[in-house]
*Asks:* 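Take a look at this one; I'll ask things after.
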Amino acid sequence: MEPEPDHTKPSTSAAAAGHRKHLAMLERLSKRAAAPAPSQDSPVAAFLSRFAAAKLAAESALSACRSSPDDAQPSLSAAAAAIDDLDRLVAEASHSLPPYELRSALAAASDLRAAHRLAASDLRPKKSFSFRNKSKAPKNPPQDPPPTLPPPPDQPNPSVEAILPGLGFRGRRDATLVKDLRVSDEKDGDFTLADLVSCQVYLKGKCRALHVHKLKDCRVFVGAVFGSVLIEDVERCAFVMAAHQIRIHEATATDFYLRVRSRPIIEDCCGVRFAPHALKYEGIGEDLRDAGLEEETGNWANVDDFKWLRAVQSPNWCLVPEEERLQTIDISDVQEREYDN
């Protein structure tokens, strides 16, 4: 009998070629989302066109993570970049979008961010476990022990940067963290603050987007964000910052001193308070002008609670009483460093 032909190599190479084609398509979609939109009848139509392209790129990248787990890391990074594009597009257009379109865009970006984190967590190695037999050993145990099976190979572990992109401070306690973004090698990029406890954070200059995740008992001072700020899971903190758009999820007993182009958005928050911007340092005026944030809009007091749909004031937020507000804080003399207190 003749041996059957081996089709393994052709099928493997075909799968690899298909994956390369898929990544090339994701790159084209990302470029399409980043490219200037053609002239249309209205700014809203132009936004919807660019948003749809960036959303498609993110969805395609997340789909590639599920279909090709062995090569998921490039797709995971592509998805993070596409979702950042969505955040940037919404931040740039938030002051001109109708409320319904703004809510829909924010919900879509939030859902994709959650799907990205789920995909990243699925790539982490799973802890193995086994059931133990608590019964007594048999009277006549076998002479030869059963063979030991080799452990399964570890799946790729996504980097923290893939989940929360950009430069940043992560995993610190009782530290003073200072970064001058004006002299950074990667200026005007994304910046991340994650897993900080009892820290003082000072960011001079401007960045494209700021991601804040899991902070407790921290004080954060940020110069200018010419895109969006996403704050999640913070407790007993104080933030002083200027940005085009600020979204806050799961914040408790935290104060926000803001200058913001669009209305701040809170969701699943309790005991959060708002006050006007109160930060200065040498050169902050230029940073605010470059970011389009030189004018005070008063939106720091116009907060939208997406989980409170009644006509009366939401009980989840209020204004900081004037007698309790911070005075303008000057961080001009704070030098770039990173040390434990």
*Asks:* Could you point out which residue of D304, I248, V303 forms a side chain to side chain contact (heavy atoms under 4.5 Å, CB included) with W317?
*Replies:* V303
*Asks:* To the nearest 0.5 Å, how far apart are CD in E235 and SG in C218?
*Replies:* 11.0 Å
*Asks:* Would you say the side-chain atoms of K204 pair up with the backbone N or O of G283, donor to acceptor, closer than 3.5 Å?
*Replies:*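 No; zero donor-acceptor contacts below 3.5 Å.
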*Asks:* Please check if L293 and I329 belong to a single hydrophobic cluster, counting links between Ile, Leu, Val, Met, Phe, Trp and Tyr side chain heavy atoms closer than 4.5 Å.
*Replies:* yes
*Asks:* What pair of heavy atoms forms the shortest contact from R236 to D217, and how long is it?
*Replies:*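 Of all heavy-atom pairs spanning R236 and D217, the closest is NE-OD1, 2.8 Å.
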*Asks:* Apply salt bridge (charged side-chain N to carboxylate O under 4.0 Å, His left out) to residues R273 and D255 and explain how you reach the verdict.
*Replies:* CA-CA 5 Å; R273 307 190 303 175; D255 291 345; 2.9 Å; yes
*Asks:* Does some side-chain heavy atom of Q245 sit less than 4.5 Å from a side-chain heavy atom of R261?
*Replies:* no
*Asks:* Less than 4.0 Å between a side-chain N and a carboxylate O, is that true for K214 and D233?
*Replies:* yes
*Asks:* Are the side chains of D268 and H249 in contact, using a 4.5 Å heavy-atom criterion?
*Replies:*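 Contact flag for H249/D268 side chains = no.
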*Asks:* For the residue pair F226 and R208, what are the closest heavy atoms and their distance?
*Replies:* CZ-CA, 3.5 Å
*Asks:* Of the non-hydrogen atoms in Y257 and E324, which two are nearest, and what is the gap between them?
*Replies:* OH-O, 4.0 Å
*Asks:* Quick one, Y281 with D287, criterion side-chain contact (heavy atoms from CB on, under 4.5 Å). Give me CA distance, side-chain angles, the key distance, then yes/no.
*Replies:* CA-CA 10 Å; Y281 57 80; D287 291 335; 2.7 Å; yes
*Asks:* Could you tell me the separation between the CZ atom of R172 and the CG atom of D195, rounded to the nearest 0.5 Å?
*Replies:* 12.5 Å
*Asks:* Salt-bridged, E232 to R117, with N to O below 4.0 Å?
*Replies:* yes
*Asks:* Would you say E295's side chain and T297's backbone share a donor-acceptor pair under 3.5 angstrom?
*Replies:*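 Checked: no pair found.
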*Asks:* Closer than 3.5 angstrom, by distance alone: can the side chain of T176 be matched with the main-chain N or O of Q200 as a donor-acceptor pair?
*Replies:* no
*Asks:* Going through the checks in order, is the side-chain contact (heavy atoms from CB on, under 4.5 Å) test met by L112 and E59?
*Replies:* CA-CA 8 Å; L112 285 170; E59 290 171 342; 3.8 Å; yes
*Asks:* Counting only heavy atoms not in E323 (residues, nucleotides, ligands), do more than 12 fall under 6.0 Å from its CD?
*Replies:* yes
*Asks:* Can you tell me how far CD1 of I246 sits from CD1 of I266, rounded to the nearest 0.5 angstrom?
*Replies:* 12.5 Å
*Asks:* Contact between L215 and F239 at the side-chain level, heavy atoms closer than 4.5 Å - yes or no?
*Replies:* yes
*Asks:* So which heavy atom on M241 is nearest to which on H277, and how close?
*Replies:*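 Closest approach of M241 to H277, heavy atoms only: O-CD2, 3.4 Å.
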*Asks:* How long is the span from the CG atom in L230 to the CD1 atom in I83, to the nearest 0.5 Å?
*Replies:* 11.0 Å
*Asks:* If we only count heavy atoms from C-beta on, is the F169 to C199 side-chain gap below 4.5 Å?
*Replies:* no
*Asks:* Hey, is the main chain of G168 close enough, under 3.5 Å, to the side chain of T192 for a donor-acceptor pair?
*Replies:* no
*Asks:* On a heavy-atom basis, which atom in A54 and which in L86 lie closest, and how many Å separate them?
*Replies:* CB-CD2, 3.5 Å
*Asks:* Does V197 share a hydrophobic cluster with V234, counting links as ILVMFWY side-chain heavy atoms below 4.5 Å and allowing steps through other members?
*Replies:*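 No; tracing contacts between hydrophobic side chains, which count when under 4.5 Å, never links both residues.
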*Asks:* Tell me if the CD atom of E286 is crowded by more than 12 foreign heavy atoms within 6.0 Å.
*Replies:* no
*Asks:* Return yes if some donor-acceptor pair links the side-chain N/O of H244 with the main-chain N/O of A291 below 3.5 Å, else return no.
*Replies:* yes
*Asks:* Roughly how far, to the nearest 0.5 Å, is OG1 of T254 from CD1 of I231?
*Replies:*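 Going from CD1 on I231 over to OG1 on T254, the span is 8.5 Å.
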*Asks:* Could you check whether any side-chain heavy atom of L177 comes within less than 4.5 Å of a side-chain heavy atom of L196, counting everything from C-beta outward?
*Replies:* yes
*Asks:* Go through the steps for R182 and D180 under the test salt bridge (charged side-chain N to carboxylate O under 4.0 Å, His left out), then give the verdict.
*Replies:* CA-CA 5 Å; R182 298 169 296 184; D180 193 336; 2.9 Å; yes
*Asks:* Hey, mind stepping through K307 and N316 against side-chain contact (heavy atoms from CB on, under 4.5 Å) and telling me if it holds?
*Replies:* CA-CA 9 Å; K307 288 298 180 71; N316 299 317; 5.6 Å; no
*Asks:* Does S60 reach the main-chain N or O of L56 with its side chain, forming a donor-acceptor pair under 3.5 Å?
*Replies:* yes
*Asks:* Test of understanding: clusters of I, L, V, M, F, W, Y form through side-chain heavy atoms closer than 4.5 Å, transitively. Do W308 and F306 belong to the same one?
*Replies:* no
*Asks:* Look up atom CD in Q335 and atom OH in Y202, then write down how far apart they are to the nearest 0.5 Å.
*Replies:*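 So the gap between those two atoms works out to 12.5 Å.
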*Asks:* Take V212 and V220 through the side-chain contact (heavy atoms from CB on, under 4.5 Å) test and state the conclusion after the steps.
*Replies:* CA-CA 10 Å; V212 180; V220 179; 5.9 Å; no
*Asks:* How close do W300 and L258 get, counting heavy atoms only, and between which atoms?
*Replies:* CB-O, 3.5 Å
*Asks:* Does CD in E296 sit with more than 12 non-hydrogen atoms of other residues, nucleotides or ligands closer than 6.0 Å?
*Replies:*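 Counting other residues, nucleotides and ligands, CD of E296 exceeds 12 neighbours.
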